[in-house]
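What follows is a set of notes on a single structure, which appears directly below.
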Amino acid sequence: MMALCLKQVFNKDKTFRPRKKFEPGTQRFELYKKAQASLKSGLDLKAVVQLPPGESINDWIAVHVVDFFNRINLIYGTMSEYCTEKSCPIMSGGLKYEYRWQDDSKYKKPTKLSAPQYMCMLMDWIEMLINNEDVFPTRIGVPFPKQFQQVCTKILTRLFRVFVHVYIHHFDSIINMGAEAHVNTCYKHFYYFIREFSLVDHRELEPLVRMPQGWGG
């Protein structure tokens, strides 16, 4: 039963409470289909993340930010019952790394939160940004803001922290649910993408610095 549920959750053609979809007929939708087709074809993930010839880098980044957000949101959602105020009173990645929340509205200074609180704030914050037409424009002819890639760097950096917490604190739960292969593939795809376009500072990657070893690439 659990395997069936996971298969449904991680099926790329289906979504579990999708946060944002690409409108059919738009350039972003076509890029999304192209990216998904490459993933399903079994191509090397290093090649999959490369910018297709003639395409806009901002469009390519936008498509992946939204897709990664949806998929990482699903991953955390499947194991959130194991990540509680009691088990994870601090949002961290082991003993060495602690992540504090700041959003320039309610939390104007870096604030210590539990992992579930941090995750909730994070998903809501990203959802607000990707649904903001001034940040992620969807209308034809509307340019991306100058700070677009900086915003995406902040989003992807914080999404990386979800992987850090899940791998370091909840890997046993991932294995027990039979989700290890799915999570690893998503992480590998995410990792190659952020490295391809230098979107996350290498210091942020240190908690999982050994993860890529053994990938054969």
Side-chain angles (χ1 to χ4, degrees), residues 1-12 14-19 39-40 42 44-46 48-49 64-65 67-101 112-126 154-196 199-217:
M1 184 66 181
M2 178 62 77
L4 177 60
C5 291
L6 282 168
K7 185 177 180 182
Q8 291 172 339
V9 167
F10 287 104
N11 187 329
K12 295 187 182 69
K14 297 180 180 180
T15 49
F16 177 75
R17 196 188 171 198
R19 296 298 185 116
L39 271 176
K40 291 176 183 177
D44 174 28
L45 286 172
K46 278 188 176 180
V48 166
V49 300
H64 282 79
V65 167
D67 189 40
F68 284 133
F69 168 61
N70 282 331
R71 291 201 280 152
I72 293 169
N73 188 43
L74 288 180
I75 287 172
Y76 183 71
T78 62
M79 45 73 57
S80 59
E81 64 181 287
Y82 304 105
C83 183
T84 65
E85 300 284 333
K86 186 175 180 179
S87 69
C88 306
I90 298 173
M91 175 58 182
S92 61
L95 298 175
K96 189 176 179 181
Y97 301 94
E98 179 183 316
Y99 301 119
R100 299 189 176 190
W101 181 258
K112 184 180 294 188
L113 297 177
S114 68
Q117 286 177 305
Y118 187 101
M119 298 297 184
C120 184
M121 298 297 297
L122 174 60
M123 299 308 174
D124 286 346
W125 173 75
I126 298 176
K154 197 166 185 177
I155 291 173
L156 293 168
T157 296
R158 288 179 169 182
L159 282 176
F160 182 80
R161 294 171 182 176
V162 178
F163 280 119
V164 173
H165 183 75
V166 167
Y167 271 119
I168 292 177
H169 295 277
H170 302 291
F171 195 63
D172 287 348
S173 298
I174 294 172
I175 293 174
N176 291 338
M177 290 190 296
E180 183 181 358
H182 298 289
V183 175
N184 285 347
T185 298
C186 186
Y187 173 71
K188 187 176 179 181
H189 185 199
F190 182 92
Y191 176 84
Y192 283 142
F193 183 80
I194 60 176
R195 291 305 299 269
E196 174 73 15
L199 290 167
V200 174
D201 190 287
H202 67 91
R203 289 171 295 185
E204 283 283 343
L205 307 179
E206 288 178 2
L208 298 182
V209 70
R210 295 177 183 172
M211 285 295 295
Q213 293 180 4
W215 282 355

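Values below: all heavy atoms of this structure, side chains included; hydrogens, waters and symmetry mates excluded.
- Here T157 pairs with T153, R161, V200, E204 under the side-chain contact (heavy atoms from CB on, under 4.5 Å) rule; sequence neighbours left out.
- Closest of all the heavy-atom pairs between L199 and F193 is CD1-CE2, 3.6 Å.
- In this structure, Y187 and Y167 have perpendicular ring planes: the angle between them is above 60°, well past the 30° mark.
- No side-chain heavy atom of I75 sits less than 4.5 Å from a side-chain heavy atom of V162.
- The two residues V164 and P207 have their closest heavy-atom pair at CG1-CB, 3.7 Å.
- For D44 and K46, the salt-bridge test fails: no basic side-chain N is under 4.0 Å from an acidic carboxylate O.
- Here the NE2 atom belonging to H182 is positioned 11.5 Å from the CD1 atom belonging to I174, to the nearest 0.5 angstrom.
- Between H169 and Y82 there is no side-chain heavy-atom pair separated by less than 4.5 Å.
- A donor-acceptor pair under 3.5 Å is formed between the side chain of N176 and the backbone N or O of D172.
- Every residue two or more places apart in sequence or in another chain was checked for a side-chain hydrogen bond (donor to acceptor under 3.5 Å, both in side chains) with W125, and none qualifies.
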Criterion side chain to side chain contact (heavy atoms under 4.5 Å, CB included) on W101 and L122, from CA distance to verdict: CA-CA 8 Å; W101 181 258; L122 174 60; 4.0 Å; yes
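- Atom CZ in F69 sits 9.5 Å away from atom CG in L74 (nearest 0.5 Å).
- For the pair M119 and S80, the minimum side-chain heavy-atom distance is 4.5 Å or more.
- Evaluation of the side-chain hydrogen bond (donor to acceptor under 3.5 Å, both in side chains) rule for S114 yields E85, Q117 as partners, not counting sequence neighbours.
- Rounded to the nearest 0.5 angstrom, R71 CZ and T185 OG1 are separated by 9.0 Å.
- Annotation: side chain of E180 is in contact with side chain of I175 (closest heavy-atom distance under 4.5 Å).
- Contact between H189 and V48 at its shortest, heavy atoms only, is NE2-CG1, 4.1 Å.
- Side-chain contact between F163 and C186 is present, with at least one heavy-atom pair separated by less than 4.5 Å.
- Between F160 and L208 the shortest side-chain heavy-atom distance falls below 4.5 Å.
- For the pair Y76/P116, a side-chain contact is recorded, criterion being any heavy-atom separation below 4.5 Å from C-beta on.
- Counting heavy atoms from C-beta on, the side chains of I194 and F190 come closer than 4.5 Å.
- Across S92 and H165, no two heavy atoms sit closer than the pair O-ND1, 2.9 Å.
- With sequence neighbours left out, Y97 forms a ring pair (Phe, Tyr, Trp, His ring centres under 6.0 Å) with no residue at all.
- Listed by chain and residue number, T84 satisfy the side-chain hydrogen bond (donor to acceptor under 3.5 Å, both in side chains) test with S87 (two or more places apart in sequence, or in another chain).
- Between the OG1 atom of T78 and the CE atom of M177 there is a distance of 4.0 Å, given to the nearest 0.5 Å.
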Intermediate values then yes/no, side chain to side chain contact (heavy atoms under 4.5 Å, CB included), Y191 and L205: CA-CA 9 Å; Y191 176 84; L205 307 179; 4.2 Å; yes
Side chain to side chain contact (heavy atoms under 4.5 Å, CB included) between N73 and I126, worked out: CA-CA 10 Å; N73 188 43; I126 298 176; over 6 Å; no
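- In this structure E98 satisfies the side-chain contact (heavy atoms from CB on, under 4.5 Å) test together with I90, R100, K112, sequence neighbours excluded.
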